[in-house]
Amino acid sequence: MSGTSAALTPPAGAVAPVRHPDAPAPGELLGAHYEQCFGCGGAQPHGLRLQARAGEGISLTAEFTVQPAHQGAPGLAHGGVLATALDETLGSLNWLLRTVAVTGRLETDYVLPVPVGTVLHLEAEVTAVAGRKIYSRATGTIGGPDGPVAVRAQALFIEVKTDHFIDHGRPQEIRAAMSDPDPSRRERAFEVNP
């Protein structure tokens with residue numbers, strides 16, 4: 001990454017991330033953390049419906065296909081949509097740590113335009129942990145893992161308690177998520193975004 005800010009550089013005391021023993025196995029599809037999520041949820045008609053799979057260590061891969069509703073310039077993905085795909089992918093890494101965290105900072109480099117109809121392949125990994133801070137990076141390639149690099153990002157996530165979402169979310173959505181009979185879906189609903 002060019003020009004990475006000091007906020008995204010792990011401090012001297014940072015440690016290597018440790019995969020949680022209950023994390024999904026390598027190759028396992030993570031699924032949507034929340035059906036209404038624009039990034040991964042299936043209930044959003046124009047959402048990304050990003051599909052992420054656990055990798056080795058604290059890594060994952062994900063894909064999404066750029067749809068006409070994701071355009072910025074004619075025939076090309078909107079930069080904000082690409083940043084959303086990177087944020088969703090990076091946030092999904094926290095499931096491998098079994099940590100509830102929110103995006104604190106996201107820096108994105110746009111390398112190539114991404115046409116509508118393109119499958120964007122994303123690879124992400126956690127690079128370090130320092131207290132409540134989780135440092136990670138991701139790369140998006142066009143057409144598959146060996147395709148040309150289109151976007152890159154580095155991010156800082158901050159571990160939070162579930163109360164963060166309860167205190168700041170709309171009450172009706174919070175109640176609906178907390179009343180889900182599936183304990184895994186209840187937990188995952190509060191996992192990635194601020």
Side-chain angles (χ1 to χ4, degrees), residues 1-4 8 17 19-20 23-42 44 46-73 75-99 101-129 134-157 188 191-194:
M1 302 244 2
S2 59
T4 299
L8 293 175
R19 186 186 189 102
H20 192 280
E28 187 175 328
L29 186 65
L30 300 183
H33 76 94
Y34 178 55
E35 282 300 307
Q36 293 296 324
C37 176
F38 182 79
C40 66
Q44 290 292 337
H46 299 297
L48 305 184
R49 298 184 182 195
L50 191 128
Q51 297 276 316
R53 287 193 183 279
E56 298 293 330
I58 311 295
S59 71
L60 59 77
T61 60
E63 287 188 352
F64 91 98
T65 301
V66 179
Q67 301 296 320
H70 303 147
Q71 292 180 84
L76 297 173
H78 189 289
V81 168
L82 297 175
T84 300
L86 288 160
D87 184 49
E88 185 68 33
T89 301
L90 290 159
S92 295
L93 287 165
N94 296 313
W95 189 240
L96 301 176
L97 300 171
R98 296 300 296 259
T99 299
V102 297
T103 311
R105 186 174 187 95
L106 176 68
E107 288 187 11
T108 305
D109 290 330
Y110 300 94
V111 181
L112 291 174
V114 180
V116 169
T118 296
V119 175
L120 191 66
H121 178 84
L122 298 137
E123 294 183 7
E125 67 178 337
V126 175
T127 58
V129 176
I134 302 163
Y135 297 85
S136 54
R137 64 179 168 221
T139 302
T141 56
I142 294 174
D146 297 324
V149 173
V151 291
R152 286 188 293 261
Q154 286 190 295
L156 169 65
F157 282 79
R188 289 208 63 208
E191 88 178 3
V192 292
N193 293 316

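The figures that follow rest on heavy atoms only: side chains count, while hydrogens, waters and symmetry mates do not.
- Remark: of the listed residues Thr118, Val66, Val111, Val151, Thr118 is the sole one forming a side-chain contact (heavy atoms from CB on, under 4.5 Å) with Ile142.
- Annotation: the span from Tyr135 atom OH to Leu93 atom CG amounts to 15.5 Å, rounded to 0.5 Å.
- In terms of heavy atoms, Pro148 sits closest to Leu112 at CB-CD1, 3.7 Å.
- Just one of Glu123, Glu125, Gln154 meets the side-chain hydrogen bond (donor to acceptor under 3.5 Å, both in side chains) condition when paired with Arg137; it is Glu125.
- Using a distance-only test at 3.5 Å, with no hydrogens or angles considered, no donor-acceptor pair links the side chain of Glu88 to the main chain of Ala85.
- Side-chain contact check for Leu122 versus Leu86: some heavy-atom pair is nearer than 4.5 Å.
- The number of heavy-atom neighbours closer than 6.0 Å to NE2 of His46, taken from other residues, nucleotides and ligands shown, is 12 or below.
- The two residues Gly80 and Tyr110 make their nearest non-hydrogen contact at N-OH, 4.5 Å.
- If you take NE2 on His70 and OG1 on Thr84, they are separated by 9.0 Å, rounding to the nearest 0.5 Å.
- With respect to Ser136, the side-chain contact (heavy atoms from CB on, under 4.5 Å) criterion is satisfied by exactly one of Leu90, Val129, Thr89, Asn94: Leu90.
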In a table with atom names and distances, give each donor-acceptor pair under 3.5 Å that connects a side chain of residues 47-56 to protein atoms at least two apart or in another chain.
| unit_1 | atom_1 | unit_2 | atom_2 | d |
| --- | --- | --- | --- | --- |
| Arg49 | NE | Gln44 | O | 3.3 |
| Arg49 | NH2 | Gly42 | O | 3.2 |
| Arg49 | NH2 | Gln44 | O | 3.2 |
| Arg53 | NH1 | Gly27 | O | 2.9 |

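- Of the inter-residue distances, the one linking Thr61 atom OG1 with Leu30 atom CG reads 8.5 Å to the nearest 0.5 angstrom.
- Counting only heavy atoms from C-beta outward, the side chains of Thr99 and Ile134 approach each other to under 4.5 Å.
- Here OG1 of Thr103 is found 9.0 Å from CG of Leu156. Values are rounded to the nearest 0.5 Å.
- Side-chain contact between Pro17 and Leu97: present, with at least one pair of heavy atoms (C-beta onward) separated by less than 4.5 Å.
- The one candidate from Leu96, Leu29, Leu60 that meets the side-chain contact (heavy atoms from CB on, under 4.5 Å) condition with Pro24 is Leu96.
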